[in-house]
Amino acid sequence: MAETMEMPPKEIESEDEDDQTFENLGLDGRLIRALNKKKILKPTPIQRVAIPLILEGKDVVARAKTGSGKTFAYLLPLLQKLFSASEESKKKLAPSAIVLVPTRELSQQVYKEVRSLIELCRVPLKVVQLTSKMPTSDLRTALAGPPEILVSTPACVKKCLSDGVLQPTSIDNSLEMLVLDEADLLLSYGYEEDIKALTPHIPKRCQSLLMSATSSDDVEKLKKLILHNSYILTLPEVGDITDEVIPKNVEQSWISCTARDKLLYILALLKLELVQKKVLIFTNTIDTSFRIKLYLEKFGIRSAVLNSELPQNSRIHILEEFNAGLFDYLIATDDSKTKENEDNEKKNIESRNSKKHPKPEADSEFGVVRGIDFKNVHTVLNFDMPQSVEGYVHRIGRTGRAYSTGASVSLVSPDEMRVFEEIKSFLGDDEKSDSNKLVPFTSLTKNAVESLRYRAEDVAKSVTKIAVRESRAQDLRNEILNSEKLKAHFEANQKDLDLLKHDKVLSKKPPAPHLRDVPDYLLDATTKEASKRVKLARAAMGNSNPGRRHGFKKKFKKDKDPLKSLSAQGPKKGKRDRKDGNDNHKQKRQKT
Ligand SMILES: Nc1ncnc2c1ncn2[C@@H]1O[C@H](COP(=O)(O)OP(=O)(O)OP(=O)(O)O)[C@@H](O)[C@H]1O
């Protein structure tokens, strides 16, 4: 029977944060040097507590807020243990460590982090990232050796077991560490049966780690399924209950408006520069994201969209570009699956299902929000409110990561009041100044909004359903074509990240000058002042260089520019590529 020991917050608090170093935690010098190269100098609270316990061999259930550094909290001790065991692991027939995550995006993210640490430490460890879309022969090749670390989803591990690529006895003999990252999400992504296929083969000596941002019945269920050892240490974060999940350094605000006025409000927030860049905008449906993109374009604001129907290469590339700072606005469609969303998506797919258009299918393992480490997002904008408190927590957690600050603005229409009230009551109404609170957004006055109304409504009318549908289909076609070429190009040129412009303009006409620039006389004193504050803050953060794009273009070598050879609509290549693209899409819906 597993014994649970809650670590009292006081014990964590009593450590003087500034005195804590990675050296104090007993971390290997190579890892510390690798971290320093990444400019990571002192451990976060969860790392301070989790690393020594994991090094001691304890099973750990770590629950800590989003962006608190949970990935390094388990990766660093995991690698350290494998450093000392690298000779022994050569005799093994299966990986020594398996890291399971709910989505392919996350698996890619964790894999890259492990690889980079291994490279910086110059140790002979091998890590592979597998997806269940890979043919059995490729899985077999990747696992031959075997690698010391496997990063994957539970569905893929089950596939490896059922295809005989991984032998239960080999796992039993080899597995030393099992990590369930984003454990609170694994079951909701439908992996229960996949995990159950693995559990009988996990040896008793295997150290298991469960990392999660929120606590839930699912985490409890997983604890019972996975953990064998006699100590389970649950590590709550310092502070009150809400601080456990939403970082204190995120200012949360909201605006009450009708559903119809949301476009007007988002325009006002972005055009009047009342929110700090980079901005991640969340919608609940893909059509809404295209509607916003087209609408903002008319005012000269470029953005990119990210959603589950895009090919995987494009999604990864969009994330990489956004993280590299190549564009400032990303409109992401949340991966929350409500019946209504699914029905809407189905209808849209059917209506676009003609010979002219490729068949988009949502990728069931796509995860925009959950656990993805978007870099330097300052503002999260909820255009649509999330479906649940949990969704809200994960969305807001894309900003204020590690030691950075962030802000969120939620646009709340009357029919979203129920979930809004739930979120508010979860956050608590207490008046403590440092507690998480959702406060009205005051930088935008009614006058400023009204001054934009006339032109905003005029433009909104021009963004028709047909225009949205066509843009969505066009964008998807382009991404499918580019995705294939990107894949080939990146195989040859691993370092070229900034090749395709995902924030490209979809409408054919450039924005009209009177829409692109807001005349000064339209702004009132409060809004002007708020906008000035945002600009000053941006300048102070060294983030005010509008010429970034040009600098990038100058550096860009023509002969390396795949856009010279990548033509999304090239008439000759189009046919063949479209076929490829469709094939690519036929594979969708299968689990990773
Ligand atoms: N000790 C540290 N100092 C500074 N930055 C850090 C430190 N540890 C991790 N980071 C950075 O903080 C960011 C967030 O880390 P990570 O993705 O591990 O958070 P998380 O707790 O897993 O969040 P989520 O629950 O949203 O997945 C990453 O960019 C990571 O590189």
Side-chain angles (χ1 to χ4, degrees), residues 1-4 59-63 74 78 92-104 106-107 110 128-134 136 139-140 142-143 146-147 149-232 234 335 337 363-367 370-371 390 589-592:
M1 239 330 243
E3 186 183 323
T4 302
D59 276 5
V60 170
V61 178
R63 177 162 55 91
Y74 71 81
L78 179 149
K92 293 184 168 174
L93 295 171
S96 303
I98 297 181
V99 180
L100 296 179
V101 292
T103 65
R104 237 173 290 147
L106 263 173
S107 141
V110 171
V128 294
Q129 182 218 352
L130 302 182
T131 74
S132 57
K133 277 192 170 180
M134 291 167 73
T136 307
L139 294 173
R140 201 181 298 282
L143 287 172
I149 307 163
L150 164 62
V151 183
S152 193
T153 61
C156 180
V157 170
K158 186 185 174 197
K159 179 176 173 178
C160 290
L161 281 166
S162 53
D163 289 1
V165 175
L166 270 174
Q167 303 299 333
T169 46
S170 309
I171 296 182
D172 196 13
N173 289 331
S174 307
L175 195 66
E176 302 292 337
M177 279 187 113
L178 174 69
V179 183
L180 303 191
D181 196 1
E182 306 291 336
D184 46 341
L185 303 172
L186 282 168
L187 296 189
S188 65
Y189 269 74
Y191 290 122
E192 186 164 355
E193 291 311 309
D194 302 313
I195 294 172
K196 279 184 178 161
L198 173 67
T199 44
H201 314 304
I202 303 171
K204 277 255 177 318
R205 59 160 200 287
C206 174
Q207 184 180 6
S208 299
L209 313 175
L210 261 69
M211 317 301 287
S212 70
T214 56
S215 59
S216 66
D217 292 348
D218 284 356
V219 178
E220 290 305 312
K221 214 169 179 180
L222 280 173
K223 271 195 213 171
K224 290 197 181 99
L225 263 174
I226 303 284
L227 300 167
H228 301 128
N229 290 1
S230 52
Y231 289 100
I232 303 166
T234 306
D335 37 351
K337 294 178 183 75
D363 181 345
S364 62
E365 283 189 350
F366 162 74
R370 319 286 168 108
E390 194 215 23
R589 287 210 196 283
Q590 290 166 4
K591 285 184 175 177
T592 306

Which atom of [X] lies closest to which atom of [Y], heavy atoms considered:
X: Asn173; Y: Lys92; result: O-CE, 4.4 Å
X: Leu130; Y: Ala142; result: CD2-CB, 3.5 Å
X: Leu175; Y: Arg205; result: O-NH2, 3.0 Å
X: Pro102; Y: Tyr191; result: O-OH, 2.6 Å

For a 4.5 angstrom cut-off between non-hydrogen side-chain atoms, does [X] reach [Y]?
X: Leu198; Y: Ile195; result: no
X: Pro95; Y: Leu166; result: yes
X: Leu209; Y: Met177; result: yes
X: Leu150; Y: Val99; result: no
X: Leu222; Y: Leu187; result: yes
X: Val157; Y: Leu100; result: yes
X: Leu139; Y: Cys156; result: yes
X: Gln207; Y: Leu178; result: no

Report the distance from atom [atom1] of [X] to atom [atom2] of [Y], rounding to the nearest 0.5 Å.
X: Arg63; Y: Met211; atom1: CZ; atom2: CE; result: 12.5 Å
X: Leu78; Y: Ile98; atom1: CG; atom2: CD1; result: 11.0 Å
X: Thr169; Y: Leu93; atom1: OG1; atom2: CG; result: 8.0 Å
X: Ser208; Y: Glu176; atom1: OG; atom2: CD; result: 11.0 Å
X: Thr153; Y: Asp194; atom1: OG1; atom2: CG; result: 7.5 Å
X: Glu182; Y: Leu180; atom1: CD; atom2: CG; result: 11.5 Å

List the steps and the verdict of side chain to side chain contact (heavy atoms under 4.5 Å, CB included) for Tyr74 and Leu210. CA-CA 9 Å; Tyr74 71 81; Leu210 261 69; over 6 Å; no
Please answer whether the main-chain N or O of [Y] pairs with a side-chain N or O of [X] as donor and acceptor at a distance below 3.5 Å.
X: Lys159; Y: Met134; value: yes
X: Thr199; Y: Lys196; value: yes
X: Asp172; Y: Pro168; value: no

Lys221 and Glu192 ion-paired at < 4.0 Å: yes
For a quick check under 3.5 Å, do Ser107 and Gln129 share a side-chain donor-acceptor pair by atom type? yes
Go through the structure and list residues passing side-chain hydrogen bond (donor to acceptor under 3.5 Å, both in side chains) with Gln167, not counting sequence neighbours. none
Taking side-chain hydrogen bond (donor to acceptor under 3.5 Å, both in side chains) as the definition, give me every residue that meets it alongside Asp163, ordered by chain and number, with sequence neighbours left out. Thr136
Derivation of the side chain to side chain contact (heavy atoms under 4.5 Å, CB included) call for Val165 and Arg140: CA-CA 5 Å; Val165 175; Arg140 201 181 298 282; 4.3 Å; yes
side-chain contact (heavy atoms from CB on, under 4.5 Å) involving Ser162 - partner list, sequence neighbours excluded: none
